[in-house]
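A quick write-up on the structure given underneath.
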Amino acid sequence: MYNFKEVEEKWQKKWEKDGTFNAKDDYTMPKWFGLIEFPYPSGQGLHVGHPRSYTALDIVARKRRMQGYNVLYPIGFDAFGLPAENYAIKNHIHPKITTEQNIAHFKNQLKSIGFSFDWSREINTTDPDYYKWTQWIFIQLFKKGLAYKATMPINFCTGCKVGLANEEVVNGVCERCGSPVVQKEKSQWMLKITEYAQRLIDDLDDVDFLDKIKAQQKNWIGRSEGADVKFKIKGTDDSLLVYTTRPDTLFGATYMVVAPEHDFIEKHKDMIENLDEVKAYQEKAAMKSDFERSELNKEKTGVEIKGIKAINPINNKEIPIWISDYVLITYGTGAIMAVPAHDERDYEFAKKFGLDIIPVIERPAEDQTEGAYTGDGIMINSDFLNGIDNKKESIEKVINYLEKEGIGERKVNYKLRDWVFSRQRYWGEPIPMVYCEDCGWVPVPEEELPLKLPEIEDYEPGENGESPLAKQTDWIKTKCPHCGKDARRETDTMPQWAGSSWYYLRYMDAHNDKEFASKEALEYWSPVDWYNGGMEHTTLHLLYSRFWHKFLYDIGKVPTKEPYQKRTSHGMILGENGEKMSKSKGNVVNPDDIVREFGADSFRVYEMFMGPFDQTAPWSMESIRGCSKFLDRVWCLQDIMVDGDEYSKEFESMMHKAVKKVSKDIEEMKFNTSVSTFMTMVNEFTKAKKINKKEYETFLQLLNPFAPHITEEIWQRLGHTDELAYRKWPEYDEAKTLDEMIDLPIQVNGKLRANIDIMKDASNDEVKTQVHNCEKIKSYIEGKEIVKEIYVPNRIYNIVIK
RNA sequence: GCAGAUAUGGCGGAACUGGUAGACGCACAGGACUUAAAAUCCUGCGGACUAAUAAUCCGUCCCGGUUCGAUUCCGGGUAUCUGCACCA
């Protein structure tokens, strides 16, 4: 009987001792760099979801080694983050200690599954030798003007009196104490990702990401084309600028709206007749949290700004200006022209407040719906646009007019906003900046990096949403690196996204203390050839790291425009009840239990077999037994093995087919069908009660990336002294993937009626004769008129009768 | 509301470029081995009608279309999941 425990330990020890899977420094070999998202070492240990992604790329990595590539398949830990800090607050244990413990636990778990990671390049984002370079990159961003201070709202818990991360705000209340969370203004570091918006869209054309991932990136960046239009304020020289994607509907603009935070109010307060009412509305809006604003989206609110009118520049009509929180200060110009006839939000608002609704696009007769008409149609009530029924053309005409008259211009806008980079937290990279009364913000000199996180004992966030570091008076006090005067350090830390925005680069040269990676290493290993991770990281993490990479490219530090050549994603693993695994639902599966009971190979094979790799799949304790049984049967093939240096006639085509199928499946991540191919093969060999040595060897090699331990063991028992891990990947002969005899289905009027055996590539006439000689078919076509006969060679034969 | 995805037996799922729907696995049923159980091995397993492993019919979310032939392509709809959400 197969003893997986003994065998798996034996090989894992050997691999560790020999450094079998460490990437080589031979830069003349073809390279392959496979990347999985490095885990956050949580106290709960590895989730069964992690190994799904790791096994998948492990299979690819192992196949690449067999194909002669120098493979880099690294691992590390993204160890800054909230859970460790919250644990520290509760239990007064330094996050460093819990992080170390958790990492040790994770390593044991990962090693027990037999991944072919290069452990010699292990990284940890909380290691000062690592975050030194995270800080260094920040300083470069600052030097290029891409990092700046701005006043931005933070989530502030009214109960705990501390700033909260977005994850800690659940349904608008504090996750810990349940008190309401409000927005509080605070000066914070920002990164100008918006400067890269267009390139982050354009360069997607050059990479091989799944379409849905590209779509998500584009969606998040949210590019839109339109125009900025100036509306004159009656009786002044001033005007109000709006952004619109529908300049074609300008004739239908019947009022304007400014966001509550818009400075228009302050500027024109002398003219406003109902200033008190307007101010009251502004205050009320400021009190609302983001959550409330979006939650209360049913009923629109607003106040007319009395005493001021705007002029629609295209028809010189006088229109009112309103203030409402359905207009966002953060997008466009913070003010809009409202076209209630053709915009749902404006329509709703206009209906509620009795404002004019002038249609400028004819609604098709068959459209019986009420409300705003947002579709295409013939222009009406629009002077020089009347009669045009092409949206693009109308937009062009209007923009040309606006530009000619100097009242507007073509404009592209993005939903993407600059990245709020400050966190009022302890367990993160300190932002290496010093504030000097005279010199302003000055970066810590590069030779002084890393700026180490001070050891502290009180992890409670400071009052008013300050970072816990704000209480470290000794640490804060410093000299200005520029003028030498007394100065103070920044006390905010970086978000968890920081360390993961560039970690793949560090793997290329993990122990370099002069640079984040040497030029040679970067040139050899870049870009990452294949990056797999969860869908939950395909927007922010991917976008942030692409942004940092492009920046590093611009300053000449990396050789490629894009960090990742290919990006795929895996589906989530759900609990047995089909729900997301969670402690509260009691459906969490611990990988340790699985490895102990069934072994690492069974675990790996099951995770690949459970369903299509990119789709969610529920866990099943019963199904994994089948995979374990399958491996036992693979082991037992040793008992029926016979000699043979070539494939036997009996199994030749099956072997060639299998090599073809598995080779292709791995590239397409169709691991589940590869596993069923293996199972079918074992069934065939078992049924025949024999397998020859050559067939067994090929089979083991194909299976090795999936189940590395058992296959290495059998390989050794077959008398080999080398390791399967570096044997050449098997090849196949296309001609031999076809059977000599084909079981040809015959249809009559598209319905299957019989099967006949034909020789492969038999001539059409031969096949026709055979078909017409078939007794069963005769009975169907007897006395009927044959209209047509279709023969798809080696595939199917269809007779159409009347 | 917007974007993306999914829908096939009791269950997870398979099906090349439009060509035998249900591979492979699980569960279940029957049998062999055993004092017995577990493990293992063998057989069956979409539904209807059947004595039948004879024949026939139905069947891939629903309605319609293209085709000799549709799970696959086209049009329309329903349901579920995921992400974003007043982005003008």
Side-chain angles (χ1 to χ4, degrees), chain A residues 1 210-216 218-220 222-224 226 242-247 249 253 256-257 259 293-294 296-298 300 324-328 330-339 342-346 348-349 374 413-417 535-536 538-539 571-572 574 578 580 605-606 609-612 614-627 629-630 632-633 636 661 664 670 672-683 686-687 743-755 776 779 787-792 794-801:
Chain A
M1 216 43 269
L210 293 178
D211 284 345
K212 61 177 174 180
I213 296 175
K214 286 190 183 182
Q216 259 188 34
K218 284 184 189 161
N219 221 348
W220 188 265
R223 180 194 153 100
S224 66
V242 302
Y243 171 70
T244 178
T245 54
R246 294 295 302 274
T249 62
M256 300 182 79
V257 187
R293 273 205 187 182
S294 57
L296 298 172
N297 65 3
K298 301 254 150 54
K300 295 224 179 331
S324 170
D325 65 4
Y326 86 89
V327 173
L328 307 175
T330 46
Y331 186 77
T333 63
I336 61 155
M337 64 175 215
V339 184
H342 306 290
D343 181 282
E344 279 163 28
R345 297 152 303 181
D346 297 345
E348 195 189 321
F349 192 81
T374 54
N413 250 312
Y414 304 91
K415 287 190 211 172
L416 184 69
R417 295 172 208 169
M535 254 343 248
E536 67 274 21
T538 50
T539 43
M572 229 182 353
L574 305 174
K580 208 167 159 173
V605 170
Y606 172 62
F609 184 58
M610 64 196 304
D614 59 347
Q615 280 168 38
T616 52
W619 185 268
S620 163
M621 276 303 177
E622 271 158 352
S623 293
I624 191 170
R625 223 170 286 277
C627 295
K629 216 154 80 179
F630 157 70
D632 283 338
R633 280 154 55 92
C636 291
K661 171 87 178 139
K664 202 164 154 231
K670 291 164 82 176
N672 53 333
T673 53
S674 282
V675 175
S676 40
T677 303
F678 295 136
M679 289 172 167
T680 309
M681 289 169 88
V682 170
N683 289 346
T686 309
K687 221 184 326 178
D743 186 26
L744 187 79
I746 304 164
Q747 297 183 332
V748 177
N749 281 351
K751 283 188 176 174
L752 178 71
R753 293 304 181 191
N755 283 320
K776 221 160 155 205
S779 69
V787 183
K788 205 172 173 183
E789 290 182 57
I790 297 130
Y791 178 48
V792 184
N794 301 331
R795 268 269 148 74
I796 202 160
Y797 199 102
N798 192 10
I799 303 171
V800 187
I801 56 170

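Note that the structure is a prediction, hence the values are computed from the model and not measured. Numbered from 1 within each chain, the chains take letters A, B, ... in sequence-line order.
Residue contacts for A:S620: at a heavy-atom cut-off of 4.0 Å it reaches no nucleic acid atom on any strand shown. Among the heavy atoms of the strands lying under 4.0 Å from A:S224 are primed sugar atoms or P, OP1, OP2 only; no base atom is included.
A pairwise comparison of heavy atoms in A:K580 and A:M572 identifies CE-SD, 4.0 Å as the closest pair. Heavy-atom minimum distance, A:K661 versus A:T673: NZ-OG1, 3.6 Å.
For the P atoms, the distance linking B:rC42 with B:rC33 amounts to 16 Å, nearest Å.
For CD of A:E344, the number of neighbouring non-hydrogen atoms (other residues, nucleotides, ligands) closer than 6.0 Å is 12 at most.
Projected onto RNA chain B by closest heavy-atom contact, A:A617 and A:Y414 fall at different nucleotides, the more 5' of which corresponds to A:A617. Comparing A:K788 and A:R417 against RNA chain B, the residue whose closest nucleotide sits nearer the 5' end is A:K788.
Remark: P of B:rG25 and CZ of A:F609 are 7 Å apart, rounded to the nearest angstrom. When rounded to the nearest whole Å, the span between OH of A:Y791 and P of B:rG19 equals 16 Å.
Across all strands shown, B:rG46 forms a Watson-Crick or G-U wobble pair with B:rC58, both key distances being under 3.5 Å.
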Check: protein-nucleotides 69-74 of chain B nitrogen or oxygen pairs below 3.5 Å:
none

For nucleotides 40-43 of chain B, tabulate all protein N/O to nucleotide N/O atom pairs closer than 3.5 Å, reporting atom names and distance.
unit_1, atom_1, unit_2, atom_2, d
B:rC41, OP1, A:R633, NH1, 3.2

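Contact check, A:Y326 against B:rA88: no side-chain N or O comes under 4.0 Å of OP1 or OP2.
Distance from the side chain of A:T673 is smallest for B:rA14 among the nucleotides B:rU20, B:rC24, B:rA14. Among B:rA23, B:rC86, B:rG4, the nucleotide with an atom closest to any side-chain atom of A:D325 is B:rC86.
Evaluation of atom-type donor-acceptor distances gives no pair under 3.5 Å for the side chain of A:K415 against the base of B:rC84.
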